[in-house]
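Encoded as structure tokens, the structure appears first; notes follow it.
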Amino acid sequence: MASTEPLSRLAAGRLSRFAAGRLWRLAAVPLSRFAAGMLSRFAAGMLSRFAAGMLSRFAAGMLSRLAAVAPDAVCAAWNRLERAGRVVSERGAVDSGADEFGATGRVTRTDVRAARRRVSGRVRETPVFHTSVAGPNGPVPVTLKLEYLQYGGTFKVRGSYNTLLGSAVVTERVVIASGGNAGIAAAVATARLGIGCTVVVPESAPHHKVAAMWSHGAEVLWHGATYTEAYRYAGELAVERGSTQLHAEDLPAVVAGAGAVALELEEQVRGRPPVLIAVGGGALVAGAAAALGSRQRVIGVEPVGLPAMHTALGLDPQAGAPRPDVLEVDRIGGVTLATARHHGVRSLLVSDDAVGVARDYLWREFRIVVEPTGATALAAIHSGAYVPPPGERPVVVLCSANTEVTAL
């Protein structure tokens with residue numbers, strides 16, 4: 001009888017260890033399937049912008065482990081994520097989604113106001129300057145919006161921030177094709193958000209703009225002679241690396257972010273004067289039109305050698321072939337065009353010489369240094385392409401300053 005109790009304790013201990021081991025082996029696979037199922041239901045139903053950012057870093061490792069024992073459940077989870085939110089599209093670009101911007105793809109004043117709140121504290125509210133400039137018939141009162149003082153020397157940093165902060169899923173590195181300012185803006189925004197950035201530029205990209213990208217920590221790769229070739233390679237690179245691809249102009253989030261310039265003007269300028277803006281790729285002029293709606297006229301201004309919006313809106317272009325040295329997009333994208341057309345944006349054409357003269361005038365009279373695009377809107381008034389009626393003080397947006405001072 002004395003030995004019975006120790007024996008029972010020994011048997012119980014061995015039995016418990018044996019049972020625990022067998023139970024773990026039996027439970028491991030069902031438990032992993034259960035975890036995968038719970039993860040898919042949680043990710044699809046409860047995913048928020050914050051959770052998406054955290055999940056993008058955490059889930060990659062966890063899902064790879066779960067896939068070894070429950071591949072079907074993991075595939076189902078990922079498919080639900082794709083249907084539920086804005087994720088990396090098949091070509092690797094950020095899909096801003098019709099769920100936020102509507103089925104038409106147009107940007108609205110509500111979108112612009114949301115963008116302004118989102119990037120508040122990260123961008124500068126640039127000042128205005130009330131003055132007069134020379135016109136063909138004498139001095140013309142104007143209000144200059146000094147957006148060239150923005151971080152990175154370009155308004156485009158607004159759209160970059162809005163895109164990155166508003167996306168449900170952004171990878172640890174983004175890829176963008178750019179001939180200049182869009183790449184600088186992406187480099188500025190990603191550096192401050194702790195995200196890696198690769199900019200693919202055409203071989204003829206200005207070295208001072210490439211240097212600006214480098215200065216903000218971006219990786220710069222040269223590919224192709226044109227923006228189109230660089231953009232195509234950027235898409236391939238994004239897929240290869242599993243990175244998020246950004247677009248320089250034609251994303252709803254980019255347009256909405258740029259449009260915040262116009263909301264600032266509403267607070268800075270009395271009345272509702274027309275706003276003259278260089279078109280470029282169209283994001284700023286379309287965003288401003290979305291922000292102001294029917295309250296104020298928005299007038300786009302383009303060089304005669306690159307009448308992208310002028311042509312897209314069905315107007316009669318006054319010029320022939322585009323300039324061969326154009327590095328950015330040479331056509332207006334669907335989002336920008338739909339937004340501009342909906343709000344009745346006009347487009348004026350000015351000569352390349354008029355742009356150069358306006359740029360020199362800004363330096364000579366005000367010691368303001370801008371690149372040619374930054375002086376394009378002023379060229380419309382300076383050359384007489386736009387003549388304000390008596391009593392009107394139009395707003396002229398000086399949008400970018402990334403140039404070599406020695407070129408002046």
Side-chain angles (χ1 to χ4, degrees), residues 107-133 135 139-162 181 185 254-280 283-301 339-340 343 345-346 358 361-362 365-371 373-382 386 388-401:
V107 176
T108 67
R109 180 177 172 87
T110 300
D111 301 324
V112 179
R113 294 177 67 180
R116 188 185 185 190
R117 290 192 298 269
R118 187 175 293 123
V119 305
S120 177
R122 299 182 183 274
V123 300
R124 291 185 176 125
E125 183 174 319
T126 53
V128 296
F129 175 37
H130 305 291
T131 186
S132 294
V133 298
V140 179
V142 298
T143 296
L144 302 179
K145 173 67 167 170
L146 308 183
E147 184 62 16
Y148 71 93
L149 297 175
Q150 190 55 259
Y151 291 115
T154 173
F155 73 92
K156 293 186 178 183
V157 74
R158 297 174 182 265
S160 293
Y161 268 124
N162 190 47
N181 287 340
V254 170
V255 175
V261 171
L263 296 183
E264 292 178 7
L265 284 172
E266 283 188 321
E267 300 170 356
Q268 295 171 322
V269 179
R270 293 181 180 180
R272 296 179 178 178
V275 182
L276 278 69
I277 300 173
V279 172
L284 181 55
V285 68
L292 299 176
S294 60
R295 298 170 180 81
Q296 290 176 247
R297 285 184 298 151
V298 174
I299 302 172
V301 186
T339 304
H343 293 286
V345 171
R346 291 178 55 193
Y361 177 82
L362 284 169
E365 295 296 324
F366 304 107
R367 286 300 186 260
I368 291 177
V369 179
V370 295
E371 60 188 284
T373 302
T376 300
L378 179 63
I381 293 177
H382 199 255
Y386 180 79
E392 179 182 275
R393 182 188 288 270
V395 176
V396 177
V397 179
L398 307 180
C399 59
S400 53

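Here the structure is a predicted model, which means the values were calculated and not measured.
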**Q.** Crowding at CZ, Arg272 (>12 non-hydrogen neighbours, <6.0 Å)
**A.** no

Q) Quick one: are Val254 and Ser160 in side-chain contact, heavy atoms under 4.5 Å? A) no

Q. Is the backbone of Val107 close enough, under 3.5 Å, to the side chain of Thr339 for a donor and an acceptor to pair up by distance?
A. yes

Q) Would Leu362 and Leu378 count as a side-chain contact (heavy atoms from CB on, under 4.5 Å) if you check the C-alpha gap in whole Å, the side-chain angles of each, and the deciding distance to 0.1 Å? A) CA-CA 9 Å; Leu362 284 169; Leu378 179 63; 3.5 Å; yes

Q: Given side-chain contact (heavy atoms from CB on, under 4.5 Å), test Tyr148 with Thr154 step by step and report yes or no.
A: CA-CA 5 Å; Tyr148 71 93; Thr154 173; over 6 Å; no

**Q.** Any Pro394 side-chain heavy atom under 4.5 Å of Glu392 side chain
**A.** yes

Q) Between Val123 and Val157, is any pair of side-chain heavy atoms under 4.5 Å apart? A) yes

Q.
Whether the side chain of Glu147 engages the backbone of Leu398 through a donor-acceptor N/O pair (distance < 3.5 Å, no angle test) should be reported.
A. no

Q. Do Leu284 and Cys399 have side-chain heavy atoms sitting under 4.5 Å apart?
A. yes

Q.
Does Arg124 qualify as a cation-pi partner of Tyr151, given the criterion of NZ or CZ under 6.0 Å from the six-membered ring centre and within 45 degrees of its axis?
A. yes

Q: Mark yes or no for whether Arg158, through its side chain, and Ala258, through its backbone, hold a donor-acceptor pair below 3.5 Å.
A: no

Q: Could you label the plane-to-plane angle of the Tyr361 and Phe366 rings as parallel, tilted or perpendicular, counting under 30° as parallel and over 60° as perpendicular?
A: perpendicular

Q. Given side chains that start at C-beta, do those of Pro273 and Gln296 come closer than 4.5 Å, heavy atoms only?
A. yes

Q: Please assess Leu144 against Thr131 for the test side-chain contact (heavy atoms from CB on, under 4.5 Å), listing each intermediate value before the final yes or no.
A: CA-CA 8 Å; Leu144 302 179; Thr131 186; 4.1 Å; yes

Q) Would you find a donor on one side and an acceptor on the other, under 3.5 Å apart, between the side chain of Arg393 and the backbone of Pro141? A) no

Q.
Can you confirm whether Ile299 sits close enough to Tyr386 that some side-chain heavy atom of one is under 4.5 Å from a side-chain heavy atom of the other?
A. yes

**Q.** Note: Glu267-Arg116 ion pair, threshold 4.0 Å (strictly below)
**A.** yes

Q. For Arg113, does the CZ atom sit with more than 12 other heavy atoms under 6.0 Å from it, leaving out its own atoms?
A. no

Q. Going by atom types only, do Thr126 and Gln150 share a side-chain donor-acceptor pair under 3.5 Å?
A. no

Q. So Val397 and Val275, side-chain contact (heavy atoms from CB on, under 4.5 Å) or not? Walk me through it.
A. CA-CA 7 Å; Val397 179; Val275 182; 3.9 Å; yes

